[in-house]
There are 2 protein chains.
Amino acid sequence: MLRIAKLTDYATVVLATLAERPGAHASATELATLARLEPTTVSKVLKTLAQAGLVESRRGAAGGYRLGRAPEAISVADVIVAMEGPIGLTECQLHVGLCHHEGHCGIRGNWQKIGVAIETALQSVSLADLVPGRRRPTAIPSVTLPAEVPGAER
Amino acid sequence: MLRIAKLTDYATVVLATLAERPGAHASATELATLARLEPTTVSKVLKTLAQAGLVESRRGAAGGYRLGRAPEAISVADVIVAMEGPIGLTECQLHVGLCHHEGHCGIRGNWQKIGVAIETALQSVSLADLVPGRRRPTAIPSVTLPAEVPGAER
DNA sequence: TCAATCAGGACCCGAATGGTACCATTTGGC
DNA sequence: GCCAAATGGTACCATTCGGGTCCTGATTGA
């Protein structure tokens with residue numbers, strides 16, 4: 001487990017397809033053909049991505065979608081956040097007050113730090129890194145877990 | 001999103017509770033009281049953890065559970081794997097052949113590397129680090145994404 | 001022998017997910 | 001001016017999954 005949703009996976013594929021044809025607008029059906037996905041599903045994904053600003057849409061005839069930013073400026077974390085909302089391993093990481101164990105749960109702060117570390121890792125990988133053969137980075141910046149993970153703030 | 005299941009969260013709390021009383025066996029109901037969780041839920045969690053070897057069980061009167069290994073030897077990744085199965089962000093990361101896009105999907109290998117990076121990060125945090133006030137590590141080992149993330153193996 | 005405790009299912013309910021369909025709106029071209 | 005193409009938005013449904021509860025059997029110590 002610890003999966004991302006299928007739609008999020010599709011989103012990365014669609015975005016990668018878009019990254020291979022920069023500038024021009026591509027329709028949802030066209031992208032679906034290229035990515036070999038269901039047109040309706042691709043359309044749904046693109047709508048969500050457009051709301052997040054990751055793709056720009058143009059309506060009407062000869063409309064379609066194109067990347068909202070350069071592939072290097074779109075991280076995997078951006079895609080996940082756009083499709084699934086804020087990244088947080090636990091519920092209490094996002095919404096304070098919902099969990100009635102907050103008062104005595106000593107490991108809450110640690111989960112938050114772990115989540116931050118994962119989010120940082122996902123932010124360090126850009127869409128350009130995912131597109132096959134487009135860019136070939138020599139190395140990915142190293143990711144460090146935030147120091148002192150112990151039960152600090154309680 | 002990108003959440004862990006609630007039961008996994010409970011598992012860390014229960015394990016942390018167990019870590020605070022090393023050696024002695026504690027019953028499921030006793031642990032539930034300490035962790036302020038439902039006894040039946042705690043029992044369910046403990047059964048799963050016992051199957052994975054993270055806790056040792058003793059049946060009968062005066063039975064109960066205790067940690068199977070030292071808290072330092074139990075990582076957050078171990079807990080997640082025990083409760084939810086292998087860590088994998090995407091379906092194709094775990095089961096080859098299920099996805100009919102494998103042949104032409106260029107970003108599959110990259111997702112795998114991202115998953116490995118996250119798993120490594122989770123493995124670097126032990127149960128001892130989660131228990132409040134028990135150990136206070138000066139720093140957590142840095143985690144580096146595996147080099148060359150480009151669409152290599154295709 | 002009995003009570004306490006774990007082991008292992010079976011079961012149910014609610015929520016989330018994936019997928020589809022429908023209609024309104026916008027745009028460009030004939 | 002009209003029509004086709006395309007997105008925007010919403011609603012809907014089937015399925016799966018997670019969380020929680022309950023029951024019965026096996027084991028152990030007093």
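A, B, ... follow the sequence lines: proteins, then strands. Residue 1 opens every chain. Keep in mind that the numbers below use all heavy atoms, side chains included, and drop hydrogens, waters and symmetry copies.
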Q: For B:Lys44 and D:dG18, give me the distance from atom NZ to atom C1', rounded to whole Å.
A: 8 Å

Q: Output the rounded distance in Å from CD (A:Glu84) to P (C:dA16).
A: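 About 14 Å, once rounded to whole Å.
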
Q: Separation of A:Leu49 atom CG from D:dG8 atom C1', in whole Å?
A: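 These atoms are roughly 14 Å apart.
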
Q: Could you walk me through whether A:Leu127 and A:Leu67 pass the side chain to side chain contact (heavy atoms under 4.5 Å, CB included) test, one step at a time?
A: CA-CA 11 Å; A:Leu127 182 59; A:Leu67 287 185; 4.3 Å; yes

Q: If I take atom CG in residue B:Asp9 and atom C1' in nucleotide D:dG18, what distance separates them, rounded to the nearest angstrom?
A: 14 Å

Q: How close or far is atom C1' of C:dA10 from atom NZ of B:Lys47, stated in whole angstroms?
A: 12 Å

Q: Can you give me the closest heavy-atom contact between A:Leu130 and A:Val76, atom names plus distance?
A: CD1-CG2, 3.9 Å

Q: With sugar-phosphate meaning primed atoms plus P, OP1 and OP2, does A:Ala28 contact a base, only sugar-phosphate, or nothing at under 4.0 Å between heavy atoms?
A: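 Sugar-phosphate: the residue A:Ala28, judged by heavy atoms under 4.0 Å, touches backbone atoms but no base.
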
Q: Check every atom of C:dT20, D:dT7, C:dG18 against the side chain of A:Lys6 and return the nucleotide holding the closest atom.
A: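 For A:Lys6, the side-chain atoms sit closest to C:dG18.
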
Q: Taking only the side-chain nitrogens and oxygens of B:Gln51, find out if one of them lies under 4.0 Å from OP1 or OP2 of C:dG8.
A: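 It does, given that an N or O in the side chain of B:Gln51 lies less than 4.0 Å from OP1 or OP2 of C:dG8.
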
Q: With the threshold set at under 4.0 Å for non-hydrogen atoms, list the residues of residues 58-70 of chain A touching DNA chain D in residue-number order.
A: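 Residues of residues 58-70 of chain A that come under 4.0 Å of DNA chain D are, in numerical order, A:Arg58, A:Arg59, A:Gly60, A:Ala61, A:Gly64, A:Tyr65.
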
Q: CG of B:Leu31 versus C1' of C:dT5: gap in Å, rounded?
A: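 After rounding, the reported distance stands at 13 Å.
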
Q: Where the side chain of B:Glu84 meets the backbone of B:Ala5, is there a donor-acceptor pair that is under 3.5 Å apart?
A: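 Yes.
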
Q: Considering only side-chain heavy atoms of A:Thr40, which listed nucleotide, C:dC6, C:dT20, D:dG19, is closest?
A: C:dT20

Q: Apply the test side chain to side chain contact (heavy atoms under 4.5 Å, CB included) to residues A:Tyr65 and A:Glu30: give CA-CA distance (whole Å), side-chain angles for both, the deciding distance (0.1 Å), then the verdict.
A: CA-CA 10 Å; A:Tyr65 297 92; A:Glu30 189 179 353; over 6 Å; no

Q: Does B:Ser43 have a side-chain nitrogen or oxygen under 4.0 Å from the phosphate oxygens OP1 or OP2 of C:dC6?
A: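 Result: no.
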
Q: Which nucleotide in the set D:dG20, C:dA7, D:dA6 lies at the smallest distance from any side-chain heavy atom of A:Ser27?
A: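 For A:Ser27, the side-chain atoms sit closest to D:dA6.
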
Q: Quickly work out the B:Leu37 CG to D:dG20 P distance and round it to whole Å.
A: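 Rounded to the whole Å, the gap is 9 Å.
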
Q: Kindly say whether B:Ser75 contributes a backbone atom to a donor-acceptor pair with the side chain of B:Asp78 at under 3.5 angstrom?
A: yes

Q: Below 4.0 angstrom from OP1 or OP2 of D:dG19, is there any side-chain N or O of B:Tyr10?
A: no

Q: How close do B:Ala35 and B:Thr17 get, counting heavy atoms only, and between which atoms?
A: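 Distance-wise, the nearest heavy atoms are CB-OG1, 4.0 Å.
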
Q: How many Å lie between CG on A:Leu46 and C1' on D:dA6, as a whole number?
A: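 Taking CG of A:Leu46 and C1' of D:dA6, I get 12 Å after rounding.
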
Q: Measure across B:Ser124 and B:Asp129 and return the closest heavy-atom pair with its distance rounded to 0.1 Å.
A: O-OD2, 4.1 Å

